[in-house]
There are 2 protein chains.
Amino acid sequence: MPRSPKAAPQASPPIVDLGELPGHIGYVVRRAQVAIFQHIIRAMAPLNVRPGQFSVLTLVGANPGIRQTAISEALGIRRANLVALVGELERRGWVQRATVVGDRRAHGLRLTAKGRAALARLKTLAAGHERRVTRTITSREKRDLMRLLRRIRDAST
Amino acid sequence: MPRSPKAAPQASPPIVDLGELPGHIGYVVRRAQVAIFQHIIRAMAPLNVRPGQFSVLTLVGANPGIRQTAISEALGIRRANLVALVGELERRGWVQRATVVGDRRAHGLRLTAKGRAALARLKTLAAGHERRVTRTITSREKRDLMRLLRRIRDAST
DNA sequence: TATTGTTATACTCTATAACTATA
DNA sequence: TATAGTTATAGAGTATAACAATA
């Protein structure tokens with residue numbers, strides 16, 4: 001059973017000195033990530049879909065016949081943990097596992113018609129979410145933000 | 001027992017179309033956050049300290065006598081989950097729980113001498129980590145990045 | 001009545017190891 | 001031998017509800 005994650009209670013704040021935390025990129029990125037995820041989970045609540053499921057659905061939609069291992073490497077989700085995730089998408093009738101011709105070990109994943117409809121709906125919800133959370137920055141600022149984050153990510157290896 | 005989180009295996013990547021994911025702020029922020037956290041956990045491995053513990057230590061250091069509820073609200077960690085976290089810091093001899101004069105329900109947290117030494121060491125490790133992960137961006141870019149992330153976070157309520 | 005810290009509990013996400021069936 | 005998917009399992013992190021002590 002999924003739960004709607006509520007923000008931690010932000011009651012009358014006693015003035016707390018955060019020290020050097022606000023100067024740490026890890027702290028600021030983490031707080032932003034949590035806030036964004038809470039927002040998108042709320043946005044996708046009508047379909048009860050979580051970010052991980054959305055990203056897998058997106059990959060299957062963009063790469064019909066893709067193998068679980070390829071998804072694993074592309075998204076940084078371990079193969080073992082994808083089993084239940086894909087299983088849930090299959091249980092919902094959104095994704096099909098079909099054996100790949102020429103390699104009977106592998107499963108080629110495809111969206112069903114229902115899955116394509118769900119993904120279309122989710123993309124609309126995601127777009128609305130995106131507009132909301134980026135409403136106070138310009139598209140140029142968003143582009144710069146993404147570029148800097150990718151550089152930070154590349155530098156964090 | 002803590003484990004050293006390894007990056008998900010990034011083997012010979014079959015070309016996968018990520019669809020619209022790279023255009024989603026949530027996706028880019030999340031991937032960056034995971035990479036940064038893996039990096040800082042490695043950086044703090046000598047003291048076997050995780051990001052949550054570091055942030056609590058920082059707050060106690062900057063706010064001697066702070067109550068657990070104040071930490072909870074400042075960091076977005078629920079009171080209930082702070083119990084074990086602070087307990088571990090106390091077990092390590094880094095933090096003391098003392099009853100607050102005038103309110104015997106509360107615990108005022110303070111660093112011990114050992115805790116101050118540990119925090120000093122951690123701040124050095126954190127600074128090294130910070131230099132590494134931001135080495136490919138300018139200080140102006142870092143400032144802009146933080147500003148934009150805070151705006152995204154504020155917009156995600 | 002409300003608040004502080006706490007306990008108990010459960011769910012999600014992530015991690016490793018080992019298995020099976022194929023290659 | 002190696003790979004794809006799977007199972008079993010364990011550890012973080014995070015969520016809720018309810019309790020005792022105190023305000």
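Predicted, not measured: the structure shown is a model, and the values here were computed from it. Every chain is numbered from 1, with letters handed out A, B, ... down the list of sequences.
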Between D/dA20 atom P and B/H107 atom NE2, what is the distance in whole Å?
-> 17 Å
Rounded interatomic separation in angstrom, taking CZ from B/R31 and P from C/dT14 | 10 Å
Other residues, nucleotides, ligands: >12 heavy atoms within 6.0 Å of A/Q96 CD = no
Is the distance from OP1 or OP2 of C/dT6 to the nearest side-chain N or O of B/R97 less than 4.0 Å?
-> yes
Heavy-atom donor-acceptor pair, B/R105 side-chain to C/dT3 base, under 3.5 Å | yes
Run the salt-bridge test on A/D144 and A/R147 with the 4.0 Å N-O cut-off and return the result as yes or no.
-> yes
side-chain N/O A/R50 vs C/dC13 OP1/OP2, d < 4.0 Å | yes
Looking at the side chain of B/A80, which of C/dG5, D/dG5, C/dT7 is the nearest nucleotide?
-> C/dT7
Integer-rounded Å distance: C/dA15 P and A/L75 CG | 13 Å
Short side-chain N/O contact to C/dG5 OP1/OP2 from B/T69, under 4.0 Å | yes
Would you mind reading off the distance between A/L85 atom CG and D/dT7 atom P, rounded to a whole angstrom?
-> 14 Å
Could you check how far CZ of A/R78 sits from C1' of C/dA18, rounded to whole Å?
-> 15 Å
Distance check: side-chain N/O of B/R67 vs OP1/OP2 of C/dG5, anything under 4.0 Å?
-> no
Between B/R50 and B/Q53, does any side-chain donor sit less than 3.5 Å from a side-chain acceptor?
-> no
Rounded to the nearest angstrom, tell me the gap between atom CG in B/L82 and atom P in D/dA15.
-> 13 Å
Contact nearer the 5' end of DNA chain D, comparing A/R30 with A/V86 = A/V86
Identify whether any heavy atom of B/N81 sits under 4.0 Å from a base atom; if not, whether one sits that close to sugar-phosphate; answer base, sugar-phosphate or nothing.
-> base
Could you tell me the separation between the CZ atom of A/R42 and the CD1 atom of A/I40, rounded to the nearest 0.5 Å?
-> 11.5 Å
Rounded distance (Å) that lies between atom C1' of D/dT6 and atom CD of A/Q68 = 9 Å
Please state how far atom CD1 in A/I71 lies from atom P in D/dA4, giving the value in whole angstrom units.
-> 13 Å
Do A/R79 and A/E73 meet the salt-bridge criterion of a basic N to acidic O distance under 4.0 Å?
-> no
Mapping B/V83 and B/V34 to their closest nucleotides on DNA chain C, which lands nearer the 5' end?
-> B/V83
Just to confirm, is there a sub-4.0 Å distance from OP1 or OP2 of D/dA21 to any side-chain nitrogen or oxygen of B/R104?
-> no
